[in-house]
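Below: the structure, in structure tokens.
Just so it is clear: chains get the letters A, B, ... in the order the sequence lines come, proteins before strands, and each one is counted from 1. The figures here come from the full heavy-atom set of this structure, side chains too, leaving out hydrogens, waters and symmetry mates.
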2 protein chains.
Amino acid sequence: MATCSCEINACVLCEERLYPGLTKEQVCQIRERLIRELYAPHEVLFREGDPAVFLFALRSGQLKLTSSMPDGRQQILRIAVAGQLLGIETFKGQRYPFTAEALTDVVACKISHDDLRQILAGSPAIALRVIETLSQELDQTESLIRDLGLKTAPEKVSSFLLSLIPQRGDPGAELPLRLSRREIAEMLGLTEETVSRVMADFARKKIIGSGKGYIRILDRKWLEETNGVENKASSTERRAQSGHS
Amino acid sequence: MATCSCEINACVLCEERLYPGLTKEQVCQIRERLIRELYAPHEVLFREGDPAVFLFALRSGQLKLTSSMPDGRQQILRIAVAGQLLGIETFKGQRYPFTAEALTDVVACKISHDDLRQILAGSPAIALRVIETLSQELDQTESLIRDLGLKTAPEKVSSFLLSLIPQRGDPGAELPLRLSRREIAEMLGLTEETVSRVMADFARKKIIGSGKGYIRILDRKWLEETNGVENKASSTERRAQSGHS
DNA sequence: ACGGGATATTGATCTGCATCAATATTCACC
DNA sequence: GGTGAATATTGATGCAGATCAATATCCCGT
């Protein structure tokens, strides 16, 4: 039949335009393999070490992906945003390598590995889309490595703050901050005290304005210089500004 | 025609069995888009910030992927091994996000983004293969984040040493060590002095034996405990504070 | 509006690793 | 096999950020 009741499942895997060569029937067959799920903030989609049965296509909202050590130390690997595919690291693996926890209300489509594999085998357009998503995730992850491996605490925080700025939209507007100090610390490899101190310092210097649950970037240029990634022209005297003693 | 002279280009993208639905002619057409290249140790395939024209499929050898800050601080993002695809992060991007430098003799197949896109659009088997590779790279990168973000120097070095052990083969054998102390440090977010000290300490404790250009794992279990990933209650169980959220 | 737990700020001190420094070893090349 | 440059080891000292500690503030349910 030409219609089915699966529209509610709309996500990165089920937009009709991704299947140019397929009939509506076939598209519906694909869609029926997807299970739409809703999660509230703090809900866990899956835990590190669990058998990896499903993948998740994130339709809306944000997740944090964390890995922890037996003694309780925890690291945020990445913040997943709408459009990304979760758990693809287990494409050939057995267990989820991280815990996925909702930061906001989340809508996600769940699908089994085997089903995804079949869909990919039959639809190059979807496969391309997945490759693009994975590329983006890899890029995002590599950026975090840069931050963790060679930046000082203020540089890390600058980097983090800059990452909050949306590509489109007013950069001077209030930006929602969904992570606690502890979570920011867990992302940047710092302690919450250090994050708090650095952000207080930034606020004192009028680099940012901070309220509860949001921040406002007041001096983006300063952050971009402090975060260290930008222009290589002023490389020589750069290090002077880092600590004020 | 049924034969062409492109066999020399064999790599992850050009194994015939990956194109089950295609004729030999078509496979040869794909292969002709690939350019095989050879690199000696220390040769650079491309530099961070260069316009990203080509992707590289690594056929044999190892590469280090590095990113550096204007003041010279440098971070190894990942060691790429045979089978991986390089520069896919730029699938939609403009510039390489890292420098790729050969650690060993390297054979790689070079291909333009557009050509790869066409191949992927026409061959789901290849696309699946690329997805698997990307998954592996993402997993590898996430592991490094764990090391960088929440491990101490000895834990980092343990982690690194364990990563040298091949899946198959005698774990007690001499393992080739292609990275200098400085490079190990650049990978783990340490200094070369610290790496040297930790490794000297490990050698003193008979955890490893070290010679020129190789190391030998003498006490793998100890490393696995020290690296912290497995269950370890021996040293500090008092820190575990069951704080969920 | 109140009380109590979670989260954040701020201060004082400690420490793991960086930094600075001085050899020691290996390697490349003639 | 000797000479110098790159790499590695080892020691001494310093500091950024962790840790410990004491409020302060927010948040939510009743």
Side-chain angles (χ1 to χ4, degrees), chain A residues 40-42 69 71-75 103 147-158 160 177-204 208-215 226 228 239-245, chain B residues 40-42 69 71-75 103 147-158 160 177-205 208-215 226 228 235-236 238-245:
Chain A
H42 304 299
M69 289 179 64
D71 63 7
R73 282 177 285 178
Q74 192 167 81
Q75 175 69 34
L103 290 172
D147 291 348
L148 287 169
L150 38 81
K151 290 187 180 176
T152 64
E155 286 169 343
K156 286 175 175 180
V157 174
S158 289
F160 170 77
L177 181 58
R178 308 183 185 294
L179 299 181
S180 68
R181 295 291 187 267
R182 168 174 289 280
E183 287 170 319
I184 297 171
E186 282 171 354
M187 180 151 179
L188 300 177
L190 298 171
T191 58
E192 57 183 315
E193 292 97 325
T194 297
V195 172
S196 194
R197 274 183 249 269
V198 171
M199 291 194 43
D201 186 50
F202 283 5
R204 228 172 284 123
I208 60 170
S210 75
K212 45 203 162 175
Y214 73 92
I215 62 123
T226 303
R239 300 203 96 175
Q241 61 197 62
S242 192
H244 67 285
S245 90
Chain B
H42 303 297
M69 288 179 65
D71 63 7
R73 283 175 284 177
Q74 193 167 78
Q75 175 69 36
L103 289 172
D147 291 348
L148 287 170
L150 40 79
K151 290 186 179 175
T152 64
E155 286 168 344
K156 286 175 175 180
V157 174
S158 289
F160 170 77
L177 181 58
R178 308 183 187 293
L179 299 180
S180 69
R181 294 288 187 269
R182 167 172 290 281
E183 286 171 320
I184 297 171
E186 282 171 355
M187 181 149 177
L188 300 176
L190 298 171
T191 59
E192 57 183 312
E193 293 96 324
T194 298
V195 172
S196 194
R197 274 183 249 270
V198 171
M199 292 195 41
D201 185 49
F202 283 6
R204 227 172 283 123
K205 290 174 175 160
I208 59 170
S210 74
K212 287 309 309 175
Y214 73 92
I215 61 120
T226 303
S235 65
T236 54
R238 48 178 299 282
R239 193 202 285 242
Q241 186 175 354
S242 70
H244 69 88
S245 47

To the nearest 0.5 Å, atom CG of Leu190(B) lies from atom CZ of Arg182(B) at 12.5 Å
Double-helix bend of the helix from dA1(C)-dT30(D) to dC30(C)-dG1(D), axes at both ends from 5 pairs, round to 10°, gives 60°
Glu186(B) atom CD is separated from dT7(D) atom P, nearest whole Å, by 11 Å
What one should report as the nearest heavy-atom pair of Ala153(A) and Val198(A) is CB-CG2, 4.3 Å
Exercise. Would you please confirm or rule out a distance under 4.0 Å between OP1 or OP2 of dA8(D) and any side-chain N or O of Arg182(B)?
Key: no
Glu155(B) meets the side-chain contact (heavy atoms from CB on, under 4.5 Å) criterion, sequence neighbours left out, with Met69(A), Arg73(A), Lys151(B), Thr152(B)
From CZ of Phe202(A) across to P of dT9(C) the rounded distance in Å is 14 Å
So, with a heavy-atom separation below 4.0 Å from DNA chain C, the residues of residues 188-199 of chain A are Glu193(A), Ser196(A), Arg197(A)
Separation of dG17(D) atom P from Lys151(A) atom NZ, nearest Å, is 13 Å
*Is Asp201(B) salt-bridged to Arg197(B), cutoff N-O under 4.0 Å?*
no
Across all chains, not counting sequence neighbours, the side-chain contact (heavy atoms from CB on, under 4.5 Å) partners of Thr191(A) are Glu193(A), Thr194(A)
Regarding the side chain of Ala200(B), the nearest nucleotide among dT10(D), dC27(D), dC17(C) is dT10(D)
Under a 4.5 Å cut-off applied to non-hydrogen side-chain atoms, are Leu179(A) and Phe160(A) in contact? yes
Rounding to 0.5 Å, atoms CZ (Phe202(B)) and OG1 (Thr226(B)) come to a distance of 6.0 Å
To the nearest angstrom, the OH-C1' distance between Tyr214(B) and dA8(D) comes to 16 Å
Asp201(B) atom CG is separated from dC17(C) atom P, nearest whole Å, by 12 Å
In whole angstroms, the gap separating P of dA8(C) from CD of Glu183(A) amounts to 8 Å
Sequence neighbours excluded, the answer for side-chain contact (heavy atoms from CB on, under 4.5 Å) partners of Ser210(A) is Ile215(A)
Closest of dT7(C), dT9(C), dT9(D) to the Arg181(B) side chain is dT9(D)
Sequence neighbours excluded, the answer for side chain to side chain donor-acceptor pair (under 3.5 Å) partners of Arg181(A) is none
Arg178(A) atom CZ is separated from dT7(C) atom C1', nearest whole Å, by 18 Å
